[in-house]
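Data first, discussion second: the structure below is written as structure tokens.
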Amino acid sequence: MDLLDAITARKSIRAFRPDPVPQSVLQELLEAAIRAPSSMNTQPWEFFVVAGEPLARLKSGNLARLAAGETPRPEHSVTGWPRQSVFRERQVALARQIFELMEIRREDSDKRSQWLARGFRFFDAPAAVIVCTDGQLSPDGPLIDIGAVVQTLCLAALAFDLGTCIEDQGIAYPEVVRAAAGIPAEKRIVTSVAVGYPDWDFPANRLASAREPLAAVTRWCGFDQP
Ligand SMILES: Cc1cc2nc3c(=O)[nH]c(=O)nc-3n(C[C@H](O)[C@H](O)[C@H](O)COP(=O)(O)O)c2cc1C
């Protein structure tokens, strides 16, 4: 696949076929991902790849805490945008798009809860990569490097016909993730990625997420013409 085609084709996958992903494939995928650049080649990433019984425990632990109404306390939070902001507007637009595809009405709280729960069980992916950094590093220092390795992983996944969804929800309850994946205290959990073979019949997987026009997010300096 052409590189630009791959970049355009990548999308978040929110339903997977049950087929397991062989460890050898996940290994090749991660070998490609770690070619990502990092500040001064510090490579401040570590992966805990979870499948089978440990992943089942992770999913059920997440679901139990969600059902108990426990407030998520991730070790790295991506949320926190103002309610009156373009960021919130984009979040709402995404949810509308997903709910329309999934035929979930705004007032249908049962279906909305069921949808929410799917994220906490890694959208039923057969594998999840928990991406950590070393606790000695500053909270935001490694984030650009981690972003680079995660996007590289998501792009490389396409070469194996795999789909991915970067997942905040999966690591909402760090104690659950630590226990299931055996993550030691000195590592900080930054994000997670659901990995598996996409279920292309699932409506939400048809989603084409929106982007602001480039002109709205770009200023050109030193060019004669735009
Ligand atoms: C840091 C990060 C966390 C995310 N967490 C979630 C999540 O918890 N649940 C989810 O459904 N999607 C999650 N996503 C996926 C985004 O919603 C998605 O990337 C965005 O809507 C753009 O869509 P696309 O990936 O299909 O291009 C996350 C993405 C990023 C980068």
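Ligands are counted one by one from 1 in listed order, and the atoms in each one are counted from 1 as well. The first residue in the sequence is number 1, and the count goes up from there.
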Within the structure provided, determine whether Phe122 and Val50 are in side-chain contact (heavy-atom separation under 4.5 Å). no

Pocket residues around ligand 1 (non-hydrogen, under 4.0 Å) come out as Arg10, Lys11, Ser12, Arg14, Val78, Leu94, Phe123, Cys165, Ile166, Glu167, Asp168, Gln169, Ser209, Arg211

Atom CZ of Arg88: over 12 foreign heavy atoms under 6.0 Å: yes

Which one of Leu30, Thr133, Ile146 satisfies the side-chain contact (heavy atoms from CB on, under 4.5 Å) criterion with Trp45? Ile146

Whether Glu212 and Arg90 form a salt bridge (side-chain N of Lys/Arg under 4.0 Å from carboxylate O of Asp/Glu) is what I want to check. yes

So Asp134 and Arg188, salt bridge (charged side-chain N to carboxylate O under 4.0 Å, His left out) or not? Walk me through it. CA-CA 6 Å; Asp134 197 284; Arg188 189 164 54 247; over 6 Å; no

Under 4.0 Å between a Lys/Arg side-chain N and an Asp/Glu carboxylate O for Arg57 and Glu53? yes

